[in-house]
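Just so it is clear, the model here is predicted, and its values are computed rather than measured. Side-chain atoms are counted along with the backbone in the values below, which use heavy atoms only and exclude waters and symmetry mates.
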Amino acid sequence: MKHSTNQQTRRGRGPARRIGRTLAFVLPVVLVLSGTLAVTRVNWSGSPSDPVLTAADTSTSAGSPRAAKRAPQDVLRDRLLTELQEENPGVALTHLQQAVNGRPSLAKHCVSIARALGQAAVRVYGPTRAQSYARPVCDTAFATGVAAAHG
């Protein structure tokens with residue numbers, strides 16, 4: 001009797017073990033495929049789904065087909081230059097940092113945008129006041145722009 005009990009126990013574990021092995025093989029495959037599909041559905045192109053750039057894009061391209069084709073960094077730079085004049089360089093630099101944090105593809109343009117903000121700040125506020133807004137956004141590009149415009 002004891003022998004037959006062991007066989008039944010082994011048989012009882014057989015299908016469960018087979019199902020477990022099948023799941024152990026299939027589940028990682030399913031997870032990898034679903035992860036791959038999720039990654040392919042993410043918008044990696046940088047189209048105007050970013051709220052920081054959507055507001056800039058719609059305010060700058062009010063019906064102009066030429067403006068709609070502009071690069072995101074150009075749209076951002078123009079919006080920040082407008083903010084610099086309407087608010088102050090501190091607001092523009094904060095929004096530049098937020099845009100770069102929210103959209104890392106803009107990081108390679110951060111220095112040129114910050115430098116342009118520094119040069120514009122000198123024109124609007126003068127060199128001393130413009131320098132007072134300097135902060136470490138994109139290294140020291142804003143301060144470099146102030147120095148370039150002043151010197």
Does any non-hydrogen side-chain atom of [Y] lie less than 4.5 Å from one of [X]?
X      : Y     : value
Leu80  : Arg77 : no
Leu76  : Leu96 : yes
Arg135 : Thr94 : yes

If you look only at pairs with a residue in residues 78-117, which of them pass as a disulfide (SG to SG under 2.5 Å), with sequence neighbours excluded?
-> Cys110-Cys138
Is there a path of hydrophobic side-chain contacts, each under 4.5 Å between heavy atoms of I, L, V, M, F, W or Y residues, that connects Val111 with Leu84?
->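 No; Leu84 is not reachable from Val111 via cluster members.
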Within one Ile-Leu-Val-Met-Phe-Trp-Tyr cluster: Val124 and Leu117, side-chain cutoff 4.5 Å | yes
Of all pairs that satisfy side-chain hydrogen bond (donor to acceptor under 3.5 Å, both in side chains), the ones with a partner from residues 108-127, not counting sequence neighbours = none
Any idea which heavy atoms bring Val146 and Pro127 closest together, and the distance?
-> CG1-O, 4.0 Å
What heavy-atom pair brings Pro104 and Asn101 nearest, and what distance separates the two atoms?
->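 Scanning both residues, the minimum pair turns out to be CD-O, 4.2 Å.
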Nearest-0.5 Å distance, CD1 of residue Ile113 to CG of residue Leu106 | 6.5 Å
Nearest-0.5 Å distance that lies between atom CG in Leu93 and atom CZ in Phe142 | 5.0 Å
Sequence neighbours excluded - salt bridge (charged side-chain N to carboxylate O under 4.0 Å, His left out) pairs with any residue from residues 83-97 = Arg79-Glu83
